[in-house]
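These notes are about the structure you will find just below.
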Amino acid sequence: MENMENNETQQYAGRAMPQAPDAEVYLLGGLIQDPDTLSEIMPLLEEDSFFQKRHQFIWGALRKLYEASSPIDFVTLTNFLEQEGKLSQVGGKEYILQVMDSVPSAANAEYHAELVAKKAILRKLIESSNHTIKAALDPAADHSDVLQKTQAEIFALAEKGTRDSLKPLKNVLLPLLEKIQTRKEGISGIRTGFDKLDELTNGLQKSDLIILAGRPGMGKTAFALTLAANAAVKYNQKVAFFSLEMSAEQLVQRVLSIQSEVPLYNLRTGKLNQEYIGKIGHACERLNDAPLYIDDNSDLGLSELMSKARKLKSTIGLDLLIVDYLQLMRTGKEENRAVAIGAISRGLKILAKDVGVPIIALAQLSRKAEEKGRDRPLLSDLRESGSIEQDADMVWFVDRKSYRAKNDEERSDNSAQLLVAKHRNGSTDDINLTFIKECTAFYNQAEEETFNMADGYMNTDPYDVGDGF
């Protein structure tokens with residue numbers, strides 16, 4: 001067909017812009033002949049999905065006629081375009097007839113619509129790339145802001161190409177029933193190795209954002225590392241642990257202590273007897289093939305985390321992601337700290353849904369949690385932003401009586417609790433645990449009797465294990 005629009009010859013870097021001119025013509029011709037097909041095609045396209053301006057006018061006219069429940073044929077379409085002052089711009093009645101004669105029916109309308117939509121996405125991707133180039137060339141540009149905006153635009157384009165969020169109930173119900181019937185041992189999600197927690201949550205569920213909070217030294221990192229090691233070693237789940245506070249070597253040393261039950265002090269100082277060496281050897285055998293991955297970049301931003309998570313998911317796979325900790329993540333230029341933290345928590349929730357894995361984000365509690373007369377933290381203690389509580393599917397608090405101890409007897413108490421303070425899809429509860437401070441490890445409470453620290457070199461001060469938990 002004869003080209004009449006200047007934009008049809010637009011080029012980028014000496015090459016024609018992505019377009020499907022024949023598919024545009026065939027689609028419009030078929031829809032004019034069979035307007036009933038419009039109901040299926042309308043959700044797929046917008047006016048700018050068409051490259052040729054005249055095709056945008058024709059599509060807009062068809063859409064408005066359909067929405068007004070007006071009959072659609074050659075006469076009504078040309079009359080509408082004439083009233084809008086656009087008939088001459090599309091090439092007159094002759095061009096409309098030419099479009100109608102281009103295809104015998106609307107049998108392949110959906111195929112043509114998908115082709116038109118794909119070319120439109122490619123053009124918008126070029127436009128987005130131009131925006132990124134201009135933003136990156138700005139001397140005052142912040143790389144984090146440019147990355148986040150670019151990523152948001154690209155993800156929006158990706159969703160446009162794949163989104164089909166309106167589903168009949170039966171399309172969700174039947175797969176759900178099949179999933180329920182094939183469920184093993186009643187646990188559908190990621191096992192944590194903490195029996196009471198797994199029973200309460202049915203395992204960590206895909207797309208859930210879990211906030212693990214506590215004051216410094218309470219044991220947040222220790223609990224998260226124990227959970228990560230359990231999931232990777234016991235259940236062969238692929239776990240990614242992003243630490244903004246500790247190095248990879250420090251984290252692995254802790255995991256080795258947890259798995260070997262050799263005190264962290266002895267691993268640090270090298271004071272090891274034969275029994276400890278044997279335990280370390282057995283632990284290394286288990287850990288060597290465990291799918292646990294550690295990232296210790298201390299300058300991690302949301303956009304970088306998103307990119308790394310998606311890459312892990314598409315390459316080696318990913319079952320669980322842990323971030324230690326939320327308030328240390330690099331934020332954008334938001335002046336208000338609460339707004340910045342809220343943006344991160346919201347981004348983590350979106351990432352959990354997008355990648356389809358549970359995310360555990362550690363978070364600090366405000367000093368209010370340590371006020372006199374307080375024997376447990378509250379959701380309102382989540383530091384710097386109420387958005388954290390709002391975005392979270394679950395909120396856990398690590399609590400140890402020995403942390404608030406006033407005498408030696410209370411400090412020697414190794415009991416601990418995981419307080420499930422919020423559970424969007426279930427009940428809340430206090431889960432009793434055992435905390436072995438020498439190994440910075442948490443265990444099911446019933447395991448306390450079986451835990452037996454081997455005789456050997458011990459730290460003279462059992463409460464001095466160096467770094468915070």
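For this chain, numbers begin at 1 and follow the sequence in order. The figures that follow rest on heavy atoms only: side chains count, while hydrogens, waters and symmetry mates do not. Computed from a predicted model, the values in this text were never measured in an experiment.
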Could you pull out all residues at least two apart from [X] that satisfy side-chain hydrogen bond (donor to acceptor under 3.5 Å, both in side chains)?
X: Gln417; value: Asn432
X: His55; value: Glu24, Tyr95
X: Thr76; value: Asp73
X: Ser243; value: none

Just so I know, are the side chains of [X] and [Y] near enough to count as touching, which here means a heavy-atom distance under 4.5 Å?
X: Leu244; Y: Val323; result: yes
X: Ile96; Y: Val90; result: yes
X: Leu348; Y: Leu321; result: no
X: Tyr235; Y: Ile190; result: no
X: Trp59; Y: Leu31; result: yes
X: Leu62; Y: Ile72; result: yes
X: Ile121; Y: Pro18; result: no
X: Val116; Y: Gln19; result: no

Take Ile210 and Thr201 through the test side chain to side chain contact (heavy atoms under 4.5 Å, CB included) and record every step on the way to the result.
CA-CA 11 Å; Ile210 301 145; Thr201 63; over 6 Å; no
Please check: side-chain N/O of [X] versus main-chain N/O of [Y], any donor-acceptor pairing under 3.5 Å?
X: Arg63; Y: Leu38; result: no
X: Gln205; Y: Asn202; result: yes
X: Gln237; Y: Ala231; result: no
X: Gln89; Y: Gly85; result: yes
X: Gln250; Y: Ser247; result: yes
X: Gln33; Y: Val103; result: yes
X: Thr132; Y: Ser128; result: yes
X: Arg400; Y: Ala416; result: no
X: Asp429; Y: Ile431; result: no
X: Asn444; Y: Asp195; result: yes

Shortest non-hydrogen separation from [X] to [Y] and the atoms involved:
X: Val357; Y: Leu320; value: CB-N, 4.3 Å
X: Ala141; Y: Ala136; value: CB-O, 4.3 Å
X: Lys220; Y: Arg215; value: NZ-O, 3.5 Å
X: Ala229; Y: Val255; value: CB-CG1, 4.2 Å
X: Phe80; Y: Ala61; value: CD2-CB, 3.6 Å
X: Phe242; Y: Leu312; value: CZ-CD1, 4.4 Å

First locate atom [atom1] of [X], then atom [atom2] of [Y], and finally report the distance between them rounded to the nearest 0.5 Å.
X: Phe397; Y: Leu379; atom1: CZ; atom2: CG; answer: 5.0 Å
X: Asp393; Y: Arg424; atom1: CG; atom2: CZ; answer: 4.5 Å
X: Thr78; Y: Ile58; atom1: OG1; atom2: CD1; answer: 11.0 Å
X: Leu251; Y: Asp324; atom1: CG; atom2: CG; answer: 7.5 Å
X: Lys206; Y: Asp208; atom1: NZ; atom2: CG; answer: 12.0 Å
X: His112; Y: Leu45; atom1: NE2; atom2: CG; answer: 12.5 Å

Start with the C-alpha gap between Asp354 and Arg310, add the side-chain angles, then the distance that decides, and say whether salt bridge (charged side-chain N to carboxylate O under 4.0 Å, His left out) holds.
CA-CA 9 Å; Asp354 186 46; Arg310 289 186 174 93; 2.4 Å; yes
For the pair Lys308 and Asn297, evaluate side chain to side chain contact (heavy atoms under 4.5 Å, CB included) and give the outcome as yes or no after the intermediate values.
CA-CA 12 Å; Lys308 290 183 175 181; Asn297 177 15; 4.2 Å; yes
Exceeds 12 heavy-atom contacts within 6.0 angstrom, atom [atom1] of [X]:
X: Lys149; atom1: NZ; answer: no
X: Tyr26; atom1: OH; answer: no
X: Tyr111; atom1: OH; answer: no
X: Lys313; atom1: NZ; answer: yes
X: Lys86; atom1: NZ; answer: yes

Those residues at least two apart in sequence (or on a different chain) that pass ring pair (Phe, Tyr, Trp, His ring centres under 6.0 Å) with Tyr293 are none
Is a side-chain donor-acceptor pair under 3.5 Å present for Thr192 with Asn230?
no
Please determine whether side chain to side chain contact (heavy atoms under 4.5 Å, CB included) holds for the pair Gln364 and Leu326, giving the CA-CA distance in whole Å, both sets of side-chain angles, and the decisive distance to 0.1 Å.
CA-CA 8 Å; Gln364 291 278 24; Leu326 188 151; over 6 Å; no
For the residue pair Phe223 and Phe194, categorise the inter-ring angle as parallel (less than 30°), tilted (30 to 60°) or perpendicular (more than 60°).
parallel
Stepwise side chain to side chain contact (heavy atoms under 4.5 Å, CB included) test for Leu419 and Thr428
CA-CA 8 Å; Leu419 311 179; Thr428 59; over 6 Å; no
Are Asp48 and Lys124 close enough for a salt bridge, meaning some N to O gap below 4.0 Å?
yes
Is there any salt bridge (charged side-chain N to carboxylate O under 4.0 Å, His left out) pair reaching into residues 103-121, and which pairs are they, with sequence neighbours excluded?
none
